[in-house]
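Please read the structure below before turning to the comments.
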Amino acid sequence: MTGPRKTPAAPKDPAVEAEFLRKTVLGILSVLETKGLLSTQEVDGILRAARAAATPPPTPRLGGPAATTQWTRPGQPHQPMDRSGPVAIPNVLRAAPAGAASSAAPTEASAQQETPEEPGAAQKPPVMDFDLQ
């Protein structure tokens, strides 16, 4: 009463299994297409979606170093940036060009600068007023 011995199944190669599954699915899709159950566009859409799902998403690129990054070699001590220098702030109180002051008809802006309405008005920076309506 001895029956056939059941031997353990040999481990299957994943590449061979994937190729078999791919060919089986392609065969089923082609049969469905030839029978008229799926159109060519639908089969192409299924294949495109399967290919997109099988491809791993691209790894996101990390941002690069800032423009002020100072690279150091291994073992080199950290050297902080020199921030002792003056910061260049543009001068907003500019004098009128020499050619404009010698013209016969003074402009409205230069007339206002010559006769300030309040004390110290000549020392205030110009103000731009915008109406965003």
Side-chain angles (χ1 to χ4, degrees):
M1 299 248 171
T2 60
R5 291 183 126 179
K6 291 189 177 185
T7 59
K12 297 178 181 179
D13 185 20
V16 173
E17 289 293 315
E19 184 66 19
F20 174 75
L21 182 61
R22 185 182 75 83
K23 287 182 179 180
T24 305
V25 169
L26 286 175
I28 292 171
L29 285 175
S30 81
V31 166
L32 291 175
E33 183 181 5
T34 55
K35 296 287 183 180
L37 297 174
L38 289 178
S39 68
T40 306
Q41 291 84 11
E42 290 172 331
V43 171
D44 289 342
I46 292 170
L47 292 174
R48 200 174 309 116
R51 190 174 296 124
T55 332
T59 57
R61 290 185 47 182
L62 300 175
T68 58
T69 301
Q70 294 181 347
W71 297 97
T72 59
R73 291 187 173 80
Q76 182 180 0
H78 170 69
Q79 297 174 352
M81 290 179 56
D82 179 24
R83 298 181 190 265
S84 62
V87 177
I89 299 175
N91 184 9
V92 293
L93 297 174
R94 295 187 179 132
S102 64
S103 66
T107 62
E108 181 179 306
S110 63
Q112 288 179 355
Q113 288 179 355
E114 291 175 358
T115 58
E117 298 173 359
E118 55 186 280
Q123 297 171 353
K124 291 183 180 178
V127 177
M128 298 177 77
D129 188 19
F130 291 101
D131 187 14
L132 300 176
Q133 290 182 354

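Under a hydrophobic clustering in which Ile, Leu, Val, Met, Phe, Trp and Tyr are joined whenever their side-chain heavy atoms come within less than 4.5 Å, directly or via other members, V31 and L21 fall into different clusters.
Here the CD1-CD1 distance, from I28 to I46, works out to 11.0 Å after rounding to the nearest 0.5 Å.
Residues satisfying the side-chain contact (heavy atoms from CB on, under 4.5 Å) criterion with V43, sequence neighbours excluded, are L29, E33, L38, L47.
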